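Only one structure is covered here, and it is reproduced in the block below.
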Amino acid sequence: MARHLITSAIPYINGIKHLGNLVGSQLPADLFARYQRGRGHEVLFLCATDEHGTPAELAAAKAGKPVAEYCAEMHETQAEIARGFRLSFDHFGRSSSPQNHRLTQAFAARLDEAGLIEERVETQIYSKADGRYLPDRYIEGTCPNCGFESARGDQCDNCTKQLDPVDLIEPRSVISGSTDLEPRETKHLYLRQSKMRGELSDWIDSKTDWPVLTTSIARKWLNDGDGLQDRGITRDLDWGIPVRKGEAEWPGMEGKVFYVWFDAPIEYIACAQEWVDAGKGEDWERWWRTDKGADDVRYTQFMGKDNVPFHTLSFPATILGSGEPWKLVDYIKSFNYLNYDGGQFSTSRGRGVFMDQALEVLPADYWRWWLLSHAPESSDAEFTWENFQQSVNKDLADVLGNFVSRVTKFCRSKFGEEVPAGGAHGDRELALIADLERRVRAYEGHMDAIEVRKAAAELRAIWVAGNEYLQDAAPWASFKTDPEAAAMQIRLALNLIRLYAVLSAPFIPDASAQLMEAMKIDDDAWPGNVTEALSVLPVGHGFAVPDVTFRKITDEERADWHARFAGIRS
RNA sequence: GGGCCCGUAGCUCAACGGUCAGAGCAGACCGCUCAUAACGGUUUGGUUGGGGGUUCAAAUCCCUCCGGGCCUACCA
């Protein structure tokens, strides 16, 4: 039995994520976790909310709540939605947890001892009206290059020129609009990633089987310009993990917190501690410490492409720099973006479908199937309602759902609601079994390689094989001349339903559970060989005709939703 | 400005230097009637964005042009 540690990029606390976020990290991670569990392997699947930083503080202020309270509420909201999508986290933690506080501070101490932390004094813009330092993107003004009036402090959106906030004409705070800004000196800690460039570069070079998307982004950062740059890991904020050297004070850093991108990945580890502290597990170190049993763990991370630099460089720098035997990631699966109907999903403009809205409209399985079978693996992908309706109706309703319906209803009307006796497999059945044997192995291969779209296509082909078989065997015809043959055929078909439930569970867990229930069985063992898997339901075993497994999306619904999600979230 | 990715049938995608560039959907035709008017079979459809080059052989490698996207380190 293998052991799989699986993490999804942790979603930011601020607001509800859209389907593009979901398909880029949590959903494929869940697919992989469910698959590995299904294969009988030991899995620890972790995710959390990323709670620190300026946007969380501002959102809390806007909501009129203390930031801790706001984050606690939003965490519960996200957890509820995650349950709605059947994301099977072993634990859904919080980067603001006490465990993460301790661990982040401990890492900082270790890195400092290793000479990898440097204090630097720098000048940042302070807004008196807001009472805070402003990140470059929170400063707007007139572009000195093109005269655009809403240029951001880091870059002008009009002429794309990169800017420094001090270059802006009439700079103002994006938060309050205040122009009472002044540069102030402030001291910050930097992680000296540049000292680890060689080590990181060698490590990336050793990962020859990683997606190009992953390694090319890492190499760009390693080699661009002067090479990998040191990175500031502290901020002048109230909400965050206080800068401490382990248990001790960090002189000169009072009142400052660690930068979210330092503490967020460490939460992957802290989350395992939370999992234990919540009473769900026994020993987190055997997943994370190679000196305490984690040496045989395979660790896979899932994320959108925007997260790649932090997972390929910054976090590994933290791990390696600590000099402690922490588990390093073995495989990084990264995704491109999902676009919405000809443009981008937009959180600010409410364009596209957000996770909570998706569940209001249709059950999770519909979304899971479409999103996974169209996952943006090789390039950006596009969601359109036409494509969604077409794919879901055809694949889930017509191919799979209707197969279940035709088999169970035929059996009920001819033999009653139990697996009928009589007959034996002939050439046609042996051919089907051989075909399925090949396809199941191909499916496993794609799932092992995390080739999500290919796995979905193979699973669909497995469903289609059932319809092909039925059409060929035609039990409705053989029933008239040779009822025993019809009984054997339908017995096989009923067993196919159970097999489909087992194989499909990683993609569509609710439908799979419904099918298992209809077949009145809880044996969900992964098929070691197809012949045996197709004899699990014995003669005389009772079953029920399930309700419509997947209803179809109508043209009216499609048109309605298309209009509803075009922009401006209510 | 720099870097990376992408452009293949009406649509969504395969093919990663080597048999006539393949699937699914949509379209057309035929069959079946157990079923959610569902299923099965056959079939139409492509100068692989344009141009040039390397090679016995190019969708695939190189150059160039066109188009789209992403990243560029203080949003996270």
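Bear in mind the structure is a predicted one, so any value in this text is a computation, not a measurement. Labels below follow one simple rule: chain letters A, B, ... track the order of the sequence lines, proteins then strands, and each chain is numbered from 1.
In RNA chain B, consecutive stretches of 3 or more Watson-Crick or G-U wobble pairs with both distances under 3.5 Å are given as paired ranges: B:1-7 with B:66-72, B:10-13 with B:22-25, B:27-31 with B:39-43, B:49-53 with B:61-65.
Taking only side-chain atoms of A/W221, from C-beta outward, the nucleotide of B/rU72, B/rA76, B/rC74 with the closest atom is B/rU72. Looking at the side chain of A/R460, the nearest of the listed nucleotides B/rC75, B/rC25, B/rA76 is B/rC25. Minimum atom distance to the side chain of A/W476 is reached by B/rC32, of the listed B/rA73, B/rA76, B/rC32. When distances run from any side-chain atom of A/K454 to the nucleotides B/rA76, B/rA15, B/rU36, the shortest one goes to B/rA15. Residue A/T549 has its side chain nearest to B/rU36 when only B/rA76, B/rU36, B/rC74 are considered. Closest to the A/P135 side chain, of the nucleotides B/rA73, B/rC11, B/rC74, is B/rC74. Distance from the side chain of A/A381 is smallest for B/rC13 among the nucleotides B/rA26, B/rA76, B/rC13.
Taking the nucleotide of RNA chain B with the nearest heavy atom to each of A/E451 and A/L222, the more 5' of the two is matched to A/E451.
The residue A/K220 sits close to a base: some heavy atom pair falls under 4.0 Å. Using a 4.0 Å heavy-atom distance criterion, A/F550 is classed as a base contact. At a threshold of 4.0 angstrom between heavy atoms, the contacts of A/S216 are confined to the sugar-phosphate backbone, with no base atom among them. When heavy atoms are screened at a 4.0 angstrom cut-off, A/Y259 is found touching base atoms of the nucleic acid. Among the heavy atoms of the strands, none lies under 4.0 Å from A/D395. Residue A/F403 is classed as having no contact, given no heavy-atom separation below 4.0 Å to the nucleic acid. A/V260 comes within 4.0 angstrom of sugar-phosphate atoms only, judged by non-hydrogen atoms across all strands, and of no base.
Atom name P, nucleotides B/rC13 and B/rG18: the rounded distance is 24 Å, in whole Å. B/rA14 and B/rG7 are spaced 8 Å apart, taking the P atom of each and rounding to whole Å. If you take atom P in B/rA26 and the same atom in B/rU48, they sit 27 Å apart, rounded to whole Å. Here, B/rA57 and B/rU44 have their C1' atoms 30 Å apart, quoted to the whole Å. Here the separation of B/rU43 from B/rC5, taken at their P atoms, is 39 Å to the nearest Å. Between B/rC66 and B/rA28, the distance separating the two P atoms is 41 Å to the nearest Å. Annotation: B/rC75 and B/rG49 have their C1' atoms spaced 35 Å apart (nearest Å). When the P atom is used for both B/rG51 and B/rU8, the distance is 16 Å, rounded to whole Å.
Note that the OH atom of A/Y12 and the CD atom of A/E51 stand 9.0 Å from one another [nearest 0.5 Å].
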For this session: Show your working on side-chain hydrogen bond (donor to acceptor under 3.5 Å, both in side chains) between A/S504 and A/W463 and close with a plain yes or no.
Result: CA-CA 9 Å; A/S504 308; A/W463 297 339; 3.0 Å; yes

Exercise. Under the side-chain contact (heavy atoms from CB on, under 4.5 Å) criterion, do A/F315 and A/I266 qualify, and how do the steps go?
Worked result: CA-CA 8 Å; A/F315 186 44; A/I266 294 172; 4.2 Å; yes

Problem set entry | Worked verdict on A/S314 versus A/T318 for side-chain contact (heavy atoms from CB on, under 4.5 Å) | CA-CA 6 Å; A/S314 302; A/T318 302; 5.5 Å; no

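Under 3.5 Å, the side chains of A/D510 and A/Y366 contain no donor-acceptor pair of N or O atoms.
For A/Y133 and A/H188, the gap between ring centers reaches or exceeds 6.0 Å. Under the 6.0 Å cut-off for aromatic ring centres, A/W476 and A/F479 do not qualify, their centroids lying 6.0 Å or more apart. Separation of the A/F383 and A/F345 ring centroids does not fall under the 6.0 Å cut-off.
Straight-line distance from the CZ atom of A/F383 to the P atom of B/rG69: 20 Å, rounded to whole Å. Residue A/I553 contributes atom CD1, which lies 19 Å from atom P of B/rU36 at whole-angstrom precision. We find that CG of A/D306 is positioned 14 Å from C1' of B/rA73, with the value rounded to whole Å. Taking atom CD on A/E557 and atom C1' on B/rU36, their separation rounds to 14 Å, with Å as the unit.
Between A/D230 and A/R120 a salt bridge is recorded (basic side-chain N to carboxylate O distance below 4.0 Å). Checked for salt-bridge contact, A/R551 and A/E557 meet the test: a charged N lies under 4.0 Å from a carboxylate O.
Considering only side-chain N and O atoms, A/K305 lies nowhere under 4.0 angstrom from the phosphate OP1 or OP2 of B/rC4. Taking 4.0 angstrom as the limit, A/R231 places a side-chain polar atom (N or O) nearer than this to OP1 or OP2 of B/rC74.
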Are any protein N/O atoms closer than 3.5 Å to N/O atoms in nucleotides 39-46 of chain B? If there are, list each pair with its distance.
unit_1 : atom_1 : unit_2 : atom_2 : d
B/rC39 : OP1    : A/K394 : NZ     : 2.9
B/rC39 : O2'    : A/R406 : NH1    : 3.0
B/rC39 : O2     : A/Q471 : OE1    : 3.1
B/rG41 : OP1    : A/E468 : OE2    : 3.4

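Contact of A/Q124 with B/rC74 (side chain to base): a donor-acceptor pair of N or O atoms is detected under 3.5 Å. Between the base of B/rC11 and the side chain of A/E382 there is no donor-acceptor pair shorter than 3.5 Å.
The aromatic rings of A/W367 and A/W385 sit perpendicular, their planes meeting at an angle over 60°, well past the 30° parallel limit.
Atom CG of A/D427 has 12 or fewer neighbouring heavy atoms from other residues, nucleotides or ligands inside a 6.0 Å radius.
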